[in-house]
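Following: one structure in structure tokens, then a few remarks.
Atom set for the values below is all heavy atoms of this structure, side chains included, hydrogens, waters and symmetry mates excluded. This is a predicted model, so every value here is computed, not measured.
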Amino acid sequence: WPEALVNVGALRNPAVIWWLQQMARRIYRAADQIVALSPGIKEGIVRTGVEDEKVTVIPNGSDLDLFDPNLDGTASREQLGLGDRFAAVYFGAMGLANGLEYVIEAAKVLADRQEDDIVIVLHGDGGKRAELESMTADYGLENVVFSDLVPSKEEMARIVAGCDVCLTIYRAAKELTWSPNKMFDALAAGRPVLINVGGWLGETIENNECGMCLDPNQPEALADALIELSHEPDLCRRMGQNARALAEREFDRRRLAARLEEVLMTAVQRDFVKTE
């Protein structure tokens with residue numbers, strides 16, 4: 001999906017873009033069936049001339065067993081030094097596409113407003129982590145905690161359980177075609193999702209009242225949302241319950257696996273017909 005690199009500005013060489021797009025089109029033409037992770041990706045594939053019925057949207061799924069609203073995250077809170085503060089967690093890659101400078105700027109807004117009872121946890125690693133840590137130090141922020149990678153997803157799930165809100169953050173892009181694992185895991189964890197990606201992701205979160213969709217160019221919007229949720233525990237709790245319900249209803253990995261099985265069977269049957 002070369003458009004993902006183009007949309008965030010990571011790929012600008014016209015010749016390379018053309019070559020990757022031609023390669024993608026060859027792959028699409030050769031495939032019997034195609035699975036797209038989002039409606040936007042499907043639209044992009046169909047625009048290349050692929051038949052609509054050949055492309056099925058199956059998003060990333062929620063791990064309802066690993067991430068659990070009732071999981072005890074007390075030990076993780078203590079290890080991270082969160083105390084009694086309202087905690088928002090971002091967990092995942094820290095690269096160019098993630099645009100986590102947005103989060104650091106929001107943390108600065110919180111510090112300037114003296115909202116000292118809110119803390120942001122950045123869990124993960126990537127090419128931008130050192131730069132983000134330097135940015136945090138330059139601002140003199142004490143409301144950002146960097147969490148190192150852990151040896152198991154079970155331990156990561158406990159870190160999420162120890163926080164009150166989950167963040168799904170990306171750099172502002174021309175087209176909104178993401179399908180990030182972190183959002184679906186946050187839903188399974190039963191935590192409100194604050195997301196700065198519009199399109200189908202933001203609409204899914206807001207239409208199901210399980211979080212808020214924020215302007216990707218306004219870090220103040222993230223600060224405002226964190227302040228609101230920290231001051232309204234009932235709203236935060238209700239959004240978390242809605243998040244888990246949505247994960248169970250639409251993004252259960254077992255249900256999505258059954259849809260993938262149908263796509264595979266369709267591909268096999270079509271190939272069987274060709275060889276008869």
So that I can tick it off, tell me whether [Y] and [X] are bridged by a salt bridge, with the cut-off set at under 4.0 angstrom between side-chain N and carboxylate O.
X	Y	result
E101	R171	yes
D234	R238	no
D185	R191	no
D63	K153	no
R237	D164	no
R113	D224	yes
R158	E154	no

Within a 6.0 Å radius of atom [atom1] on [X], are there more than 12 heavy atoms belonging to other residues, nucleotides or ligands?
X	atom1	value
Q79	CD	no
N13	CG	yes
M23	CE	yes
E142	CD	no
E261	CD	no
E105	CD	yes

[atom1] of [X] to [atom2] of [Y]: how many Å apart, nearest 0.5 Å?
X	Y	atom1	atom2	result
D68	R244	CG	CZ	5.5 Å
L132	L100	CG	CG	5.5 Å
E220	D112	CD	CG	10.0 Å
D52	E43	CG	CD	10.0 Å
E133	F146	CD	CZ	5.0 Å
L222	M212	CG	CE	10.5 Å

Looking only at heavy atoms, what is the nearest atom pair of [X] and [Y], with distance?
X	Y	answer
K182	G92	CE-CA, 4.2 Å
P69	A188	CD-O, 3.6 Å
L37	V57	C-CG1, 4.4 Å
C213	G202	SG-CA, 3.7 Å
L226	A88	CD2-CB, 3.6 Å
Y102	Q218	OH-O, 3.3 Å

*Which class fits the ring pair F251 and W200: parallel under 30°, tilted 30 to 60°, perpendicular over 60°?*
perpendicular
*asked:* The test is salt bridge (Lys or Arg N to Asp or Glu O under 4.0 Å); show your working for D72 and R77 and say whether it passes.
replied: CA-CA 10 Å; D72 186 0; R77 282 189 68 91; over 6 Å; no
Any side-chain to backbone donor/acceptor pair from [X] onto [Y]? Under 3.5 Å, distance only.
X	Y	result
S62	F184	yes
K54	Y28	yes
Q33	A267	no
K108	T136	no

*Please report the C-alpha distance between T204 and L246 in whole Å, then the side-chain angles of each, then the deciding distance to 0.1 Å, and finally whether the side-chain contact (heavy atoms from CB on, under 4.5 Å) criterion is met.*
CA-CA 9 Å; T204 296; L246 174 62; 3.8 Å; yes
Transitive ILVMFWY side-chain link [X] to [Y], under 4.5 Å:
X	Y	answer
L256	F67	no
V119	F86	no
V145	I104	no
V160	V165	no
I169	V193	no

Side-chain heavy-atom pair [X], [Y] within 4.5 angstrom cut-off:
X	Y	answer
L80	S147	yes
I159	V150	yes
S38	I41	yes
I118	R85	no
M239	E209	no
I34	K42	no
D65	R254	yes
V103	I120	yes

*Out of L194, V197, L187, which residue meets the side chain to side chain contact (heavy atoms under 4.5 Å, CB included) rule with I205?*
L187
*Please determine, by modelled atom types, if N98 and Y90 share a side-chain donor-acceptor pair under 3.5 angstrom.*
yes
*If you measure only the distance, is there a donor-acceptor pair under 3.5 Å linking the side chains of R249 and N208?*
yes
*Could you give me the CA-CA distance, side-chain angles and deciding distance for L235 and E228, then say whether side-chain contact (heavy atoms from CB on, under 4.5 Å) is met?*
CA-CA 9 Å; L235 174 62; E228 179 179 355; 3.7 Å; yes
_L110 vs D116, side-chain contact (heavy atoms from CB on, under 4.5 Å): CA-CA, chis, key distance, verdict_ = CA-CA 7 Å; L110 291 170; D116 299 328; over 6 Å; no
_Run the side-chain contact (heavy atoms from CB on, under 4.5 Å) test on V144 and L122 for me, step by step, so that the C-alpha distance in whole Å, both residues' side-chain angles and the decisive distance to 0.1 Å come before the verdict._
CA-CA 7 Å; V144 178; L122 297 180; 4.1 Å; yes
*Determine, step by step, whether R259 and E262 satisfy the salt bridge (Lys or Arg N to Asp or Glu O under 4.0 Å) criterion, reporting the C-alpha distance in whole Å, the side-chain angles of both residues, the deciding distance to 0.1 Å, and the verdict.*
CA-CA 5 Å; R259 287 169 57 187; E262 293 176 2; over 6 Å; no
